[in-house]
Amino acid sequence: MITHTILLAGGKGTRMLSKKAKVLQTLAGKTFLEHILLSADAISDKVSIVVGFDKHAVEKKAATILKKAKIYEQKDQIGTADAVKTVIEFVDENEKVLILYGDVPLIRKNTLKKLFSLNDSLSILTANVSNPTGYGRVLKDSNGLVQEIIEEKDTNDEQKNIKEIFTGVMAVNGKILRELIPLINNNNASKEYYLTDLIGIANGNGFKIETLSVSWEETLGANTRSEQEKLEQTYRKMKNEELLKNGITLIDKNRVDVRGDLQAGVDCTIDVNVIFEGKVELGNNVSIGANTIISNTKIGDNSEILPFSHIDSSQIGKDCFIGPYARLREGSEIADGARIGNFVETKKTKIGQSTKANHFTYLGDTEIGNDVNIGAGTITCNYDGKNKNKTEIGDGSFIGTNSSLVAPVSIGKNAYVGAGSTITKDVPDSSLGISRSKQKNVKDWSKNKK
Ligand code: UD1
Ligand code: CA
């Protein structure tokens, strides 16, 4: 059976006070749209997105996330049932349809899978919450069978006390959806076409409705900036509880942000105010110092990232020391046992085993062998105003302090560069390259000055 996900993303999200569509608001550095599409992707053969407000921006963003998603425009935002209606002629009778709301981004893939497996006609995802204000309430009869969903504005005092709410997620058979959507009217307090009326109508037509209840965290929506901040908190908590469960030490679970995927081996420790972005992999016994940002990077066993470091799209081997205050930019490959110290910036640079660059250095477009010592203040002059040029430094070499290596240039194996040199020509293996003016001492200079 084909699974077809319909994502309703037409609304403006007025209370966000934003010029953007609500699905383009962010959570953990990614748009709501991205969170939802990535959860839906794995279980959907077809994906349809209903857009309205800020439609071009939503369409553009959706294309970058999920190529297979098709866009449908809802002219006026007159209700969630009307939004589904814009897609209905593209829903086949033999499809299983999953309907998602664009402002509920924390729904898990496994939850969606479970909902699908409940029954073949109609299943809804619900949650029991202490404060149900604002949500549709799930009405059940004395046998616990679902009767209908009543929207907040249409509830009476007794119904207001119902704690089981509709999360905005349902799985429905394509045939039933096609038959029942046209029967929904707008005779309600908001004069809107409520998708939630489908439940009462289905019940009246003899279809059994199953419910799956999930924790309230997963169903949180964001209508205001304050709710968006709560989402961030909740997301952080969910992610960090997962890390703790997987055996990672967090010094403070409220002060680590995983904005992407973090994989870690055993005995890893993460200090406070650390942000992980994209895909980050830590080996065993890795420690990450405070106030560090790591994006799309792999770090080997026993390596230590010291505080205030910034690492992006790089690879770090085993037993390395990085930082404090190191900046590894894209394409930095640091081999086992190497050390990168404070105020060292690397970009598209390979650093060999046990090589050290401990202080104040820029290494760009550079290939450095094993056991090299890069003195403080060494700069690879990789840019000539037009092109980026390469620097090579062979195994066992020693680059003296405050040297400029003007690329393209190659320093051989076991070679030396004298401190303060500006190196513009290759230095052969085992040679000393030195270029600085000779020192002259003027005898009794200070005495004679007086
Ligand atoms: C909806 C449900 C409510 C549920 C809650 C869960 C209805 C009538 N009510 O209420 O039972 O408890 O979600 O969060 O469905 N949208 C469109 N076109 C429209 C209207 C809405 O695309 O004409 C989209 C919105 O962009 C949003 C989603 O549908 O992504 C839900 O709409 P929203 O107005 O936020 O519904 P709620 O009032 O939160
Ligand atoms: Ca909402």
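First listed ligand is number 1; within each ligand, the first listed atom is number 1. What you see is a predicted model; the values in this text were computed from it and never measured.
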Which residue holds the protein heavy atom closest to atom 32 (O) of ligand 1, what is that atom called, and what is the gap in Å? T80 CG2, 3.9 Å
Does an N or O from Y135, backbone or side chain, lie closer than 3.5 Å to an N or O of ligand 1? no
Distance below 4.0 Å between atom 18 (N) of ligand 1 and any protein heavy atom? yes
One residue to check: I78. Relative to ligand 1, which of side chain, backbone, both or neither has a non-hydrogen atom less than 4.0 Å away? backbone
Residue from L98, V104, L212 passing side-chain contact (heavy atoms from CB on, under 4.5 Å) with L125: L212
D103 atom (N/O/S) at minimal separation from the Ca ion (ligand 2): OD2
Backbone or side chain, does any N or O of V50 fall under 3.5 Å from an N or O of ligand 1? no
Min N/O separation G136 to ligand 1 under 3.5 Å: yes
Considering distance alone, does some N or O of Y194 sit under 3.5 Å from an N or O of ligand 1? no
Below 4.0 angstrom, counting only protein heavy atoms, does anything approach atom 26 (O) of ligand 1? yes
Any idea which part of E151 is under 4.0 Å from ligand 1, heavy-atom wise: side chain, backbone, both or neither? side chain
Validation row, ring centre Y325 to ring centre H310 under 6.0 Å: no
Would you say G168 has any N or O atom under 3.5 Å from an N or O of ligand 1, going by distance alone? no
Going by an N to O cut-off under 4.0 Å, is there a salt bridge joining K68 and D41? yes
How far does CD of E148 sit from CG of D141, to the nearest 0.5 angstrom? 11.5 Å
Counting each atom of ligand 1 from 1 as listed, which ones have a heavy atom of T167 under 4.0 Å away? 6 (C), 14 (O)
Backbone or side chain, does any N or O of Q74 fall under 3.5 Å from an N or O of ligand 1? yes
Answer yes or no: does an N/O atom from I149 fall short of 3.5 Å to an N/O atom of ligand 1? no
What residue among D301, N302, D267 forms side-chain hydrogen bond (donor to acceptor under 3.5 Å, both in side chains) with N285? N302
Which of the ligand 1 atoms, numbered from 1, are nearer than 4.0 Å to a heavy atom of G102: 30 (O)
For F166, take its heavy atoms, then give the atoms of ligand 1 lying under 4.0 Å from any of them. 4 (C), 6 (C), 11 (O), 12 (O)
Is any NZ, NE, NH1 or NH2 atom of the basic residue among D54 and K12 found under 4.0 Å from an Asp or Glu carboxylate oxygen of the other? no
Using a 4.0 Å cutoff against the non-hydrogen atoms of A83, which atoms of ligand 1 qualify? 17 (C), 18 (N), 22 (O)
Atom 34 (O) of ligand 1 protein-contacted (non-hydrogen atom, under 4.0 angstrom): no
Using the six-membered ring wherever Trp is involved, compare the ring planes of H35 and Y235 and label them parallel, tilted or perpendicular (cut-offs 30° and 60°). perpendicular
Looking at G79, G11, G52, G10, the heavy atom closest to atom 20 (C) of ligand 1 belongs to G79
R225 and its side-chain hydrogen bond (donor to acceptor under 3.5 Å, both in side chains) partner, picked from E227, E229, Q228: Q228
Are any of the protein's heavy atoms under 4.0 angstrom from atom 9 (N) of ligand 1, yes or no? yes
Please check if the side chain of N143 supplies one atom and the backbone of L145 the other of a donor-acceptor pair under 3.5 Å. no
Any salt bridge linking E179 with K175? Criterion: basic side-chain nitrogen under 4.0 Å from a carboxylate oxygen. yes
Contact check: K22 vs ligand 1, nitrogen or oxygen atoms, below 3.5 angstrom: no
Location of contacts on A9 toward ligand 1, heavy atoms closer than 4.0 Å: backbone
Is it true that T196 lies under 4.0 Å from ligand 1, counting heavy atoms only? yes
